[in-house]
Protein chains: 2
Amino acid sequence: MSSEKRSTLEDVARLAGVSLGSASRALSIPDQVKPATLAKVRHAVSQLGYVRNGAAQALASRRTKMVATIYPTLSNPIFSVAIHALQQTLWRFGYQLLVASHEYEPEREIELLRTVVERGVDALVLVGTDHPSEVFELARQYDLPYVMTWSIDGSHYPHCIGFSYHDAAFDLASLVVKMGHRRIALCNGFESANERARSRAAGTRAALKAAGLSLDASLVTEQPFNFEGGREAVRIFLAQETPPTVLICGTDLQAIGAIDECRRRGIRVPEDLSITGFDDIEHAAIVVPPLTTVKVPTEDIGVLAACRVVSLLEGETLRPAAPLESRVIVRESLGRAPEVARSSLDRLRGQT
Amino acid sequence: MSSEKRSTLEDVARLAGVSLGSASRALSIPDQVKPATLAKVRHAVSQLGYVRNGAAQALASRRTKMVATIYPTLSNPIFSVAIHALQQTLWRFGYQLLVASHEYEPEREIELLRTVVERGVDALVLVGTDHPSEVFELARQYDLPYVMTWSIDGSHYPHCIGFSYHDAAFDLASLVVKMGHRRIALCNGFESANERARSRAAGTRAALKAAGLSLDASLVTEQPFNFEGGREAVRIFLAQETPPTVLICGTDLQAIGAIDECRRRGIRVPEDLSITGFDDIEHAAIVVPPLTTVKVPTEDIGVLAACRVVSLLEGETLRPAAPLESRVIVRESLGRAPEVARSSLDRLRGQT
DNA sequence: CTGAAAGCGCTAACAC
DNA sequence: GTGTTAGCGCTTTCAG
């Protein structure tokens, strides 16, 4: 139990009166050793408080039992929930999770990946399909299996766990149109290096087009995926000659920020301006007014990505996974488009 | 740039025409090799696309350049922000962060720690001071330096980065008292294995005592640190004969849940019931009504913990850190205690 | 400043 | 089933 120095497998073997090899096997493939040996080894292990040396194991076996995931940010609850699910599930299979985040900077993603490769991981879980080519080169060079999460789109990557942002956005925008909105604004995230943002925009545009509408260029903005991004969008669009009647946001975080900005300015949601979100974070149901948004399969993404990674690591060949479901959640932040002149808003804004 | 198999330091040395040892030094202690050698090695490295093998390095040097942190949960934004700061800062010093969460189960914390030790980490960042004794035993046995975060209390651990939950709670409760409240309810987290929850309760009690008041046992509940916990507290306390006029919550998450529950029930905040939070997450300012809470030094905790860990790892001897600051943030969710009979509430509840 | 060489602790053939 | 042994790729003395 005590032992000043960390004891080694050799100590265990000696104490158990077996060879190094048997001791090793007893620990990693217990059903290939005689029960008696197993018992002796186990006893010695607990007596010495022995703990494997991961580095040595990794060096000799060429597997670290670690998988890395590189996320845009941990500050969006949607991501922390998925990461948690990922971690729990990997853990259950005996794998550790190395988490890193690049805060939406492609350069940093490469750096992180490089470090993580150097540290030694058996596989990668990436967010989205749009990555610098260096990412794929590194993965190939060290033949690291990788699974991509969140997005399932036209890209033909073998292992994607996610849903169609295009379709989800399409469904939501269709509802917006159905509510009578014609002057529709979009607060998206930055589309470069983010196929989810692009798919969302595309899905939105497709829905408008299906209704004979289109997205006015002056009613689209790219903002950070946080409260402030949504606030800024409200400021931008409400300063316009003819403000929109609805603001479609790329994330709930933006939408909640937008709602807050409206409250501060005395803009009523949804009477003066409807607002929609995306993700259905827990807060979406609580904010006032509750947010109309798209529920995405956050938890499942984490769990299924973990399962797939493990399968890949165990050498299974898997066919592409089916897309998961997303669903529009109707709450109060989306209302009918005002039929008449936007009198109250105009009043608030002082002059037209 | 290509190379089918991962190249080794030996390949680099050969290509550079130097010895293995020199190549190794060139990479880790560049200013102890002749510039010419350095250049040759660097060139070979980039030519081969060489990346160190972390496991081998760890095995030989007995340092992994990884630190692990074990958090209660990632679902509280206060934690994900701190973790992000921790990670960024460690990264800057060349360390990787291994993140794990135990969801407030002490048993799991031990398991996680064991795995993390086995994997090999150079140091630990723990949350709070209250941990199963196994945690300390393991840390000692593998002499892993550790720093404890968030809480600074009477416990005499050498490396704590945080603030006094007791004092923070004291300040907040003092304000509550000053606002005229006498019937005060506390929705705390589970106090076992959580000295932060205990300190908060103690601080609250101390403030009441200083005002000649005390916390009625029937007005204290332990709930999970999430929305639902706050909701439940509202249900419990409002069902009472004489409901409280204020609900002090252990986290903003609980407070926001409580506010939501009130809204659903038509209880006005703060007119019928005042509510306070703790943490000052970004949402606290946005919820309606905005939350009176305690701002805690989230970011600093991450950054300073990282710095301290690195210092320890580099062999510096540090004296205990000074406590960080917390500050009461006054917003609208805390109002004056109603002077008169709680007529409106009573009406809502049907009968007294 | 550099080269040679001895491990770090474990796994994975390979014989027995 | 079990013991033996040769590395895994790197760091780190120790001479020179």
Side-chain angles (χ1 to χ4, degrees), chain A residues 3 5-42 44-45 48-66 94 117-122 141-142 315, chain B residues 3 5-42 44-45 48-66 94 117-122 141-142 313:
Chain A
S3 84
K5 276 295 83 195
R6 186 164 174 165
S7 46
T8 72
L9 229 206
E10 198 177 343
D11 300 333
V12 171
R14 196 179 313 120
L15 182 62
V18 302
S19 75
L20 220 200
S22 297
S24 174
R25 265 164 255 146
L27 296 182
S28 35
I29 30 179
D31 27 48
Q32 277 183 39
V33 299
K34 206 161 44 176
T37 327
L38 186 55
K40 281 188 292 185
V41 172
R42 293 232 165 112
V45 163
L48 293 168
Y50 169 77
V51 175
R52 258 203 200 87
N53 178 320
Q57 183 177 33
L59 182 58
S61 67
R62 300 136 153 304
R63 290 177 301 114
T64 57
K65 288 283 215 169
M66 292 201 293
V117 164
E118 174 170 338
R119 182 70 59 230
V121 295
D122 294 344
Q141 188 176 351
Y142 291 96
Chain B
S3 85
K5 275 295 81 189
R6 186 164 176 165
S7 47
T8 72
L9 229 207
E10 198 178 342
D11 300 333
V12 172
R14 196 179 313 121
L15 182 62
V18 301
S19 75
L20 219 200
S22 298
S24 174
R25 266 165 254 145
L27 296 183
S28 34
I29 30 179
D31 26 48
Q32 276 182 39
V33 299
K34 204 162 44 177
T37 325
L38 185 56
K40 283 188 289 184
V41 171
R42 291 234 165 110
V45 162
L48 292 168
Y50 168 77
V51 175
R52 258 203 198 87
N53 178 321
Q57 183 177 33
L59 181 57
S61 67
R62 299 132 156 306
R63 289 175 303 115
T64 57
K65 289 282 220 169
M66 291 200 295
V117 164
E118 174 169 339
R119 182 70 60 226
V121 294
D122 294 343
Q141 187 175 353
Y142 290 97
L313 253 15

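Here the structure is a predicted model, which is why all the values come from computation and not from measurement. First the proteins, then the strands, lettered A, B, ... as listed; each starts at 1. In what follows, every heavy atom counts, from backbone to side chain, and hydrogens, waters and symmetry copies are set aside.
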A.B. asks: If we ignore hydrogens and angles and just use 3.5 Å, is the side chain of A:Arg25 paired with the main-chain N or O of A:Leu38 as donor and acceptor?
C.D. replies: no

A.B. asks: Where do B:Leu9 and B:Ser24 land on the side-chain contact (heavy atoms from CB on, under 4.5 Å) test, with the steps shown first?
C.D. replies: CA-CA 7 Å; B:Leu9 229 207; B:Ser24 174; 3.7 Å; yes

A.B. asks: Quickly work out the B:Ile29 CD1 to D:dT12 P distance and round it to whole Å.
C.D. replies: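 About 8 Å, once rounded to whole Å.
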
A.B. asks: Measuring to OP1 and OP2 of C:dG3, would you say a side-chain N or O of B:Ser22 lies under 4.0 angstrom away?
C.D. replies: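 Yes, within the criterion.
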
A.B. asks: Counting only heavy atoms and a strict 4.0 angstrom limit, can you tell me which residues of residues 33-41 of chain A come near DNA chain D?
C.D. replies: A:Val33, A:Lys34, A:Thr37

A.B. asks: Kindly determine whether B:Lys40 and B:Ser22 satisfy side-chain contact (heavy atoms from CB on, under 4.5 Å), including the steps that lead there.
C.D. replies: CA-CA 11 Å; B:Lys40 283 188 289 184; B:Ser22 298; over 6 Å; no

A.B. asks: Using atom CZ of B:Arg14 as one end and atom P of C:dG3 as the other, report the distance to the nearest whole Å.
C.D. replies: 14 Å

A.B. asks: Using side-chain heavy atoms (C-beta onward) and a distance below 4.5 Å, is B:Pro30 in contact with B:Arg42?
C.D. replies: yes

A.B. asks: When you measure from the side chain of B:Arg6 to the backbone of A:Gln141, do you find a donor-acceptor pair of N or O atoms at a distance under 3.5 Å?
C.D. replies: no

A.B. asks: What string of B, S and - do you get for nucleotides 8-14 of chain C, 5' to 3', when a contact is any protein heavy atom under 4.0 Å?
C.D. replies: BBBBBB-

A.B. asks: Do B:Asn53 and A:Leu59 make a side-chain contact, defined as non-hydrogen atoms from C-beta onward lying under 4.5 Å apart?
C.D. replies: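 Contact flag for B:Asn53/A:Leu59 side chains = yes.
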
A.B. asks: Kindly indicate whether the side chain of A:Leu27, heavy atoms from C-beta on, has any atom under 4.5 Å from the side chain of A:Val45.
C.D. replies: yes

A.B. asks: Within the 4.5 Å heavy-atom criterion, are A:Arg119 and A:Met66 side-chain neighbours or not?
C.D. replies: yes

